[in-house]
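Heads up, the thing below is written out as structure tokens.
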Amino acid sequence: MCGIIGYTGHRPAVPIVIEGLKRLEYRGYDSSGVAFIQNRSLLSIRAEGKLEMLEQKLAKSDPYLATTGMGHTRWATHGAPNEQNAHPHQDQTGRLALVHNGIIENYQSLKQDLKQEGVIFQSETDTEVLVQLISHLMKRDELGLPEAISRTLQQVEGAYALAVISADHPDELWAARNSSPLLLGVGTGENFVASDIPAFLASTREVVFLDDHELVCIRPDSWRVYSGHTLEPVDKAPQHVDWDVQSAQKSGHKHFMIKEILEQPGVIRDCLAGRVDRDRGRVVLKELETLAVPARLHIVACGTSFHAGLWAKYILEQWSGLAVQVDIASEFRYRDPIVLPEDLVIVISQSGETADTLAGLRIAREKGVPVLGICNVLGSAVARESDLVLYTQAGPEISVASTKAMCSQMVLLVLLALYWGQESGRLKSASLSRALQEMEGLPERLEKALPALRETAGFLAQTYSAARSFFYLGRGSNYPLALEGALKLKEISYIHAEGYAAGEMKHGPIALIDANLPTFALITENDLLPKLRSNLQEVQARGGPVIGLTSSALDVGAEDRWEIPRAWGVLDAFFMLPALQLFAYEMAVYLGKDVDQPRNLAKSVTVE
Ligand code: M6R
């Protein structure tokens with residue numbers, strides 16, 4: 001939920017740390033801070049609010065020449081988002097500083113014990129307990145820093161990724177993880193730790209993925225990973241990641257969100273690459289070669305990833321003939337789901353670190369059911385803990401509102417539906433070839449369509465900008481897209497929106513309809529169209545204006561008609577989805593909202 005970056009090397013640390021924090025700000029943005037060691041003293045500067053507040057503070061001082069430092073950008077869990085609670089936190093001596101991402105569940109009792117020993121706390125955070133305990137153990141038990149970190153971590157319960165620096169070891173930074181992401185970036189004459197790859201991508205693409213309960217020490221010319229429990233060295237090798245720096249920057253766009261929406265043609269292309277055998281008209285998913293066609297599927301995810309799963313239910317059932325259950329992860333984890341060893345649980349997560357989704361994954365594994373993880377972030381917890389992984393290959397998604405990730409998840413889910421249809425012999429080869437041909441044609445068609453989609457989205461956003469509430473209606477596989485359209489509008493424009501199955505409206509929500517409540521209708525030409533038309537007439541009969549987002553040439557009698565390119569059956573979702581994203585985006589821009597960092601949100605939800 002928070003972002004961490006640590007650096008030690010031959011260059012001034014503070015600007016590198018600030019640049020890293022800019023790449024991590026999507027993880028939390030209510031306060032931030034840096035700590036660094038200069039002339040054997042530990043300096044810490046923190047600020048409430050966005051990172052620019054910290055930059056303004058730093059700009060008031062002479063440039064800092066420290067070559068070891070670390071930074072943190074926070075999404076508050078314990079204690080108000082103010083300067084006092086901002087990280088880094090320091091121990092009583094002011095010689096140690098620590099940044100942390102995660103939640104220390106037993107911090108109250110640890111804090112109580114330390115208070116009894118005379119430790120005075122400065123903040124309301126759970127994090128401060130960590131640095132005070134490390135310092136206390138060093139003093140009381142005469143331990144070295146790594147021994148004290150190790151002993152501390154054995155006493156804490158909960159999730160953490162943390163980094164520690166000490167004024168007594170100016171060229172050294174220690175870091176550890178358990179259930180929260182932390183990576184090591186290996187450079188030349190410099191090394192990094194960070195919550196996510198983009199933080200150090202401008203300097204290195206050599207990454208070491210740390211495992212839970214590992215501790216790492218970085219120095220300018222060396223790094224070493226240890227067991228957090230025994231301090232025994234652990235052998236690790238860096239892996240090369242081929243993300244480019246551009247992919248983590250706005251590249252001339254006003255916001256990451258619009259950049260990521262416009263990247264979707266390329267995302268579809270990358271996601272299909274190597275997974276379609278054109279000559280044989282078949283789907284090739286090497287990762288699944290050892291897996292028999294499952295008896296049933298259970299999809300578990302949150303937010304936008306949940307919507308991708310719900311959308312896929314329609315095609316998975318139709319093409320592969322498998323029974324599919326889709327659950328919101330926070331519900332799945334607390335009921336007693338019936339999942340059997342011959343089933344497959346599919347967890348979908350862009351970040352691969354969503355707490356509820358991970359809990360769902362672990363429950364499935366405890367029950368002896370294989371788990372297929374669909375995720376975007378390399379080496380994330382979902383990727384490590386799943387039995388099988390399919391990466392969406394969408395590149396870093398920085399905007400808090402998820403866009404291209406959903407598109408890439410949908411591509412993979414289409415491939416899965418076709419793959420199991422092909423493997424079970426249910427899907428005729430003509431249909432399979434047709435679907436694959438359509439999929440392969442999508443990137444070019446979408447590329448061409450996006451400018452016009454954006455223009456209409458802008459026009460409609462202005463037209464309806466006074467509305468305080470919207471309905472999004474769809475039937476069949478358009479229903480999950482309606483949910484997603486409503487979610488996008490809510491999260492970045494703060495306009496209330498409800499996504500509904502069109503046929504369900506008359507069971508209550510229709511009472512809300514009046515001239516001030518526009519309805520976004522998602523219209524595909526299929527057997528359900530006459531029924532959807534009736535639902536829209538019911539809305540219009542009560543004075544509600546309808547915006548018809550349609551891939552059909554037929555007149556649906558909407559007050560505003562927004563025609564999008566037609567694709568084969570459900571695949572018109574690959575035009576509908578960007579249209580909905582663009583409408584939400586243009587609305588938020590028109591209303592002057594903070595598009596990439598909407599209030600109260602953070603990109604990865606690593607807490608319950
Ligand atoms: O990283 P994940 O896909 O697991 O994230 C799930 C949700 O938190 C995420 O999709 C969230 O709903 C987005 N802000 C939606 O735009």
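In listed order, ligands and their atoms are each counted from 1. Predicted model only: the values in this text are computed from it and were never measured.
- Remark: ligand 1 atoms within the under-4.0 Å shell around heavy atoms of Ser305 are 2 (P), 3 (O), 10 (O).
- The existence of a salt bridge linking Asp211 and Lys236 is confirmed by a sub-4.0 Å separation between a basic side-chain nitrogen and an acidic carboxylate oxygen.
- If you check which protein heavy atom lies closest to atom 8 (O) of ligand 1, you get Val605 CG2, 4.0 Å.
- Of the polar atoms of Lys603, none of the N or O atoms is found under 3.5 Å from an N or O of ligand 1, judged by distance alone.
- On a distance-only criterion, Ser349 and ligand 1 share at least one N/O pair closer than 3.5 Å.
- Counting the atoms of ligand 1 from 1 in the order shown, those under 4.0 Å from a heavy atom of Glu491 are 13 (C), 14 (N), 15 (C), 16 (O).
- Close approach to Ser351 involves these atoms of ligand 1, each under 4.0 Å from a residue heavy atom: 1 (O), 2 (P), 4 (O).
- Checked by atom type and distance alone, the side chain of Thr354 never pairs as donor or acceptor with a backbone atom of Asp356 at under 3.5 Å.
- Residues Phe332 and His298 place their aromatic rings such that the two centres sit no closer than 6.0 Å.
- With salt bridges taken as basic N to acidic carboxylate O contacts below 4.0 Å, one links Arg362 and Glu385.
- The shortest N or O to N or O distance between Gln409 and ligand 1 is not under 3.5 Å.
- In summary, the atoms of ligand 1 found under 4.0 Å from a heavy atom of Val400, numbered by their order in the structure, are 13 (C), 14 (N), 16 (O).
- For the pair Lys488 and ligand 1, a heavy-atom separation below 4.0 Å is found.
- Within 6.0 Å of CD in Glu455 there are 12 or fewer heavy atoms belonging to other residues, nucleotides or ligands.
- Aromatic ring centres of Tyr479 and Tyr500 lie farther apart than the 6.0 Å criterion allows.
- Taking a cutoff of 4.0 Å between a charged side-chain nitrogen and a carboxylate oxygen, Lys250 and Glu260 do not qualify as a salt bridge.
- In the vicinity of Thr304, heavy-atom distances shorter than 4.0 Å reach the ligand 1 atoms 10 (O), 12 (O), 15 (C), 16 (O).
- The protein non-hydrogen atom at the shortest distance from atom 4 (O) of ligand 1 is Thr354 OG1, 2.4 Å.
- At least one test fails for Lys603 against the ring of Tyr26: distance under 6.0 Å to the centre or angle within 45° of the axis.
- For atom 6 (C) of ligand 1, the nearest non-hydrogen atom of the protein is Cys302 O, 3.4 Å.
- Close approach of ligand 1 to Ala401 is summarised as follows: ligand atoms under 4.0 Å from at least one heavy atom of the residue are 16 (O).
- The nearest pair of heavy atoms linking Tyr391 to Val377 is CE2-O, 3.6 Å.
- Interface atoms of ligand 1 facing Ser402, defined by a heavy-atom separation under 4.0 Å, are 15 (C), 16 (O).
- Here Phe470 and Phe583 bring their ring centres to under 6.0 angstrom of each other.
- When heavy-atom distances to ligand 1 are checked against a 4.0 Å cut-off, Glu353 has no atom that comes that close, whether in backbone or side chain.
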